[in-house]
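Reading through the structure tokens given below for one structure.
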Amino acid sequence: MENQTRVRFAPSPTGFLHLGGARTALFNWLFARKYGGTFVLRIEDTDLERSDQKSVEVILEGLKWLNLLWDEGPEVGGKYGPYFQSKRLHLYPQFIQKLLVEGKAYYCFCSPEELAERREKTIAQGKSWRYDRRCLFMEQKEKEQLIAEGKKRVVRFRIPEGVTSFVDLLRGEVSFANQELDDFIILRSDDMPTYNFACVIDDALMKISHVIRGDDHISNTPRQVLLYQALGFPLPAFAHIPMILGKDKTRLSKRHGSPSVTYYRDQGYLPEAMMNYLARLGWASGEEEKEIFSEEELIERFDLSNVTKHAAVFDLDKLNWMNGVYIRQRDNASLSRILVEILQKRGKITPSEVTPEMEGYCEQIVAIMKDRMKYLAQIVEEAAYFFEQEVQFDPEAFQKILMKEGTEEILSRCLEEFKEIDDFTAPRLEEVVRKQAENLGIKAAKLIHPLRVAVSGKRVGPGLFELLEVLGKKRVIERIGLALEEISRQRLTQSSSG
RNA sequence: GGCCCAAUCGAAUAGUGGUUAGUUCAGCGGGCUCUCAAUCCGCAGGCCGGGGUUCAAUUCCCCGUUGGGCCA
């Protein structure tokens, strides 16, 4: 017997895969994996104005990156296809027809202008407006006449009397008085089904057992429940998961930095870190001190019953911390591959420069940088000296460290020593520098700091000896030389102007 | 404006009718150290408000407030 647990993620391809969507997908995926069910991906692209192929690709790409692979849907198919709503349009008319015939839906000829006028009038009287059912009570003959004339019409669902309630797996029973819902449109004048209608038909035909979606859909649910009932479809279980908000507690959007999954990928966040972070937003296993969960651990522990009911604020600090943890866990070779990708995307290197040497160099870089990384693009942003021909001196570092009395002497001496080293490795370099400090009768730090600024332009960075080794003898010698030249140049300008 | 949902340190959360209300991130202080990190140790900080039920409420109920959502 096949497992009947079927869940779906049904995004609209109107932009990118945002974090909220990714988390909805994740919760569905975790649920399917935990219960041995099927995870369906359906693209709701009936809003042709706003949907485009590019967005579809971005969504698929984002899900794949997060390893949220779907069992049925685009690219993989399945027996309940098609999985693009735009390819399912032929499925809807029969259900519209059924509702019309049974008197559960009716044609409405009211134009938007007429509706607006009546609405304003009602509101002016201090009453709340919902559709006044003018067309529900129209004579059959008149309707036929109008249809024959080709007058524009929509189809409205007739809301029955009573109360509609459903069980939300997170909050228990939720009820709505039907009189609060108006006779909503299920088929637009251009014959396109509306969201609530298409969604119900698709979920029913795809045998979705659990509808797990954002809680912004709670108020759609009673309308959908009524449609299930009117059409005689079995009702799925519903679970409305809380939304993700920005720091200012408003819906996550572009204003809060980027909410797109692709952005984080391109910044060098790791998919396993993203998955872990998103899972922890609104969910906790209850184990103290445990924040890091592997995919398997998440599947094992995840349950809708311990998902919180309130919105969660996206916290970049915590994602950064978590990503750092995962970076430190990763092997250098795979980090190096990601770094090479980033370098290419940002035009720091060209595809022809991607040689085994470059990959090896990047591997050495991540090895000495991974302890201080939140995301890999920081290497490009804050340690560009690894890839640039000439060091850009941080002005403050230059003034405070390199312009100090005696720096030239120190750098020159180290330069001469370094030239003699064939075994240009961290331990050897450390030995030489410390010896030199001893000879000069000063602390090693007095040599280390100027050397760091000379070769990297910065006061902060990885351990000096590792840094020197990774940069290599040639670069180091060159850079110290250039730093010395720059120092004398500055001294000249300072003495002549001062 | 109508309806719906929610509420524990700054953020994510655990938890309970009687607890010193726990943990993770961030913050602060310290150890280590060539800087920055990583790491280790420590500190600070919270049950939205008001009623009720109860011997006892952060916990249960109601109202309010605030936030979010949907519709208009």
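None of the values given here were measured: they were computed from a predicted structure. To find a chain, count down the sequence lines: A is the first, B the second, and so on, and within it residues start at 1. The figures here come from the full heavy-atom set of this structure, side chains too, leaving out hydrogens, waters and symmetry mates.
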(message) With a 6.0 Å cut-off on the ring centroids, do A:Phe233 and A:Phe95 count as close?
(response) yes
(request) For A:Asp168 and B:C5, give me the distance from atom CG to atom C1', rounded to whole Å. (result) 9 Å
(message) I want to verify a distance call: between B:A6, B:G10, B:C34, whose nearest atom is closest to the A:Asp315 side chain?
(response) B:G10
(message) Just the rounded figure in Å: distance from P of B:U35 to NZ of A:Lys446.
(response) 12 Å
(request) Sticking with atom P, work out how far B:U59 lies from B:U16, rounded to a whole angstrom. (result) 13 Å
(request) For B:C9 versus B:A14, give the span between their C1' atoms, rounded off to a whole number of Å. (result) 13 Å
(request) Please say whether more than 12 non-hydrogen atoms of neighbouring residues, nucleotides or ligands are located less than 6.0 Å from NZ in A:Lys446. (result) no
(message) With a 3.5 Å cut-off and heavy atoms only, can you find an N or O donor on one side and an acceptor on the other between the side chain of A:Arg130 and the base of B:C71?
(response) no
(message) Using atom C1' in both nucleotides, what's the gap between B:A21 and B:U8 to the nearest angstrom?
(response) 9 Å
(message) In whole Å, I'd like the distance from the CD atom of A:Glu382 to the C1' atom of B:A37.
(response) 11 Å
(message) Students often get this wrong, so: under 4.0 angstrom with heavy atoms, is A:Val174 touching a base, only sugar-phosphate, or nothing?
(response) sugar-phosphate
(request) For nucleotides B:G45 and B:G22, find the distance between their P atoms and express it as a whole number of Å. (result) 12 Å
(request) Return the value, rounded to whole Å, for the distance between atom CG of A:Leu451 and atom P of B:C34. (result) 14 Å
(message) Given the structure, check if the side chain of A:Arg372 and the base of B:C36 hold any donor-acceptor pair shorter than 3.5 Å.
(response) yes
(message) Does atom CZ (A:Arg133) have a neighbourhood of more than 12 heavy atoms from anything else shown, all under 6.0 Å?
(response) yes
(request) Verify the neighbour count for atom NE2 of A:His18: are there more than 12 heavy atoms of other residues, nucleotides or ligands below 6.0 Å? (result) no
(request) With heavy atoms under 4.0 Å as the rule, sort A:Pro462 into base, sugar-phosphate or nothing. (result) base
(request) Could you check which residues of residues 279-295 of chain A get a heavy atom under 4.0 Å from RNA chain B? Sort them by number, please. (result) A:Arg280, A:Leu281, A:Gly282, A:Trp283, A:Ala284, A:Gly286, A:Glu288, A:Glu289, A:Glu291
(request) Give the intermediate values and the outcome of side chain to side chain contact (heavy atoms under 4.5 Å, CB included) for residues A:Lys290 and A:Glu297. (result) CA-CA 11 Å; A:Lys290 186 163 176 66; A:Glu297 288 176 318; 3.2 Å; yes
(request) Please determine if A:Arg119 and A:Glu117 form a salt bridge, counting it only when a charged side-chain N lies under 4.0 Å from a carboxylate O. (result) no
(request) Please say which of A:Phe27, A:Phe31, A:Phe293 ends up in a ring-ring contact (aromatic ring centres under 6.0 Å, His included) with A:Trp283. (result) A:Phe293
(request) Using only side-chain N and O atoms of A:Lys249, determine if any of them is under 4.0 Å from OP1 or OP2 of B:A11. (result) yes
(request) Report the distance from atom NZ of A:Lys374 to atom C1' of B:C25, rounded to the nearest whole Å. (result) 12 Å
(request) Starting at atom NZ of A:Lys318, determine the distance to atom P of B:U24, rounded to an integer number of angstrom. (result) 9 Å
(message) I want to check one thing: is the phosphate of B:C70, taken as OP1 and OP2, less than 4.0 Å away from some side-chain N or O of A:His240?
(response) no
(request) Could you work out which one of B:C5, B:A11, B:C70 sits closest to the side chain of A:Ser219? (result) B:C70
(message) Given B:A6, B:A12, B:A26, identify the nucleotide with an atom nearest to the side chain of A:Trp321.
(response) B:A26
(request) Look at A:Thr308 and B:U13 and indicate whether a side-chain polar atom (N or O) is within less than 4.0 Å of OP1 or OP2. (result) yes
(request) Please determine if A:Arg156 forms a cation-pi arrangement with A:Tyr107, meaning its NZ or CZ atom is less than 6.0 Å from the six-membered ring centre and no more than 45° off the ring axis. (result) no
(message) Does A:Ala312 reach a base, just sugar-phosphate, or nothing at all? Heavy atoms under 4.0 Å.
(response) sugar-phosphate
(request) Nearest whole angstrom, please: distance from the P of B:G27 to the CG of A:Asn320. (result) 11 Å
(request) Return the nearest nucleotide to the side chain of A:Arg328; candidates are B:C34, B:G68, B:U39. (result) B:U39
(message) Using heavy-atom distances to pick each residue's nearest nucleotide on RNA chain B, tell me which of A:Ser175 and A:Asn306 is more 5'.
(response) A:Ser175
(message) Side chain of A:Glu180, heavy atoms from C-beta onward: which of B:G2, B:U35, B:C4 has the nearest atom to it?
(response) B:G2
(request) Tell me which of A:Asp216 and A:His310 sits closer to the 5' end of RNA chain B, going by the nucleotide each one is nearest to. (result) A:His310
(request) Looking only at non-hydrogen atoms, find the nearest pair between A:Val163 and A:Ser175 and report the distance. (result) CG1-CB, 3.8 Å
(message) Measure CD1/A:Ile401 against C1'/B:C36 and give the value in whole Å, please.
(response) 13 Å
(message) Just to be sure I follow the notation: if a pair is Watson-Crick (purine N1 to pyrimidine N3 plus N6-O4 or O6-N4) or a G-U wobble (N1-O2 and O6-N3), each under 3.5 Å, what dot-bracket string does RNA chain B give, with | for pairs to another strand?
(response) (((((((..((((....[...)))).(((((.......)))))....(((((..]....)))))))))))).
(request) Could you check whether A:Tyr277 gets within reach of a base, just the sugar-phosphate, or nothing at all, counting any heavy atom under 4.0 Å? (result) nothing
(request) Rounded to whole angstrom, note down the C1' distance from B:G68 over to B:C61. (result) 24 Å
(message) Please report whether the ring centroid of A:Phe314 lies less than 6.0 Å from that of A:Tyr277.
(response) yes
(message) Counting only heavy atoms from other residues, nucleotides and ligands, does the tally under 6.0 Å from NZ of A:Lys473 exceed 12?
(response) yes
(message) Taking the P atom in each of B:G49 and B:U66, what is the distance between them to the nearest angstrom?
(response) 15 Å
(message) Please give the distance between the C1' atoms of B:C5 and B:C43 as a whole number of Å.
(response) 38 Å
(request) Scan A:Leu99, A:Ile96, A:Asp183 and name whichever one has a side chain to side chain contact (heavy atoms under 4.5 Å, CB included) with A:Phe157. (result) A:Leu99
(message) Given B:C5, B:C70, B:C34, identify the nucleotide with an atom nearest to the side chain of A:Arg171.
(response) B:C5
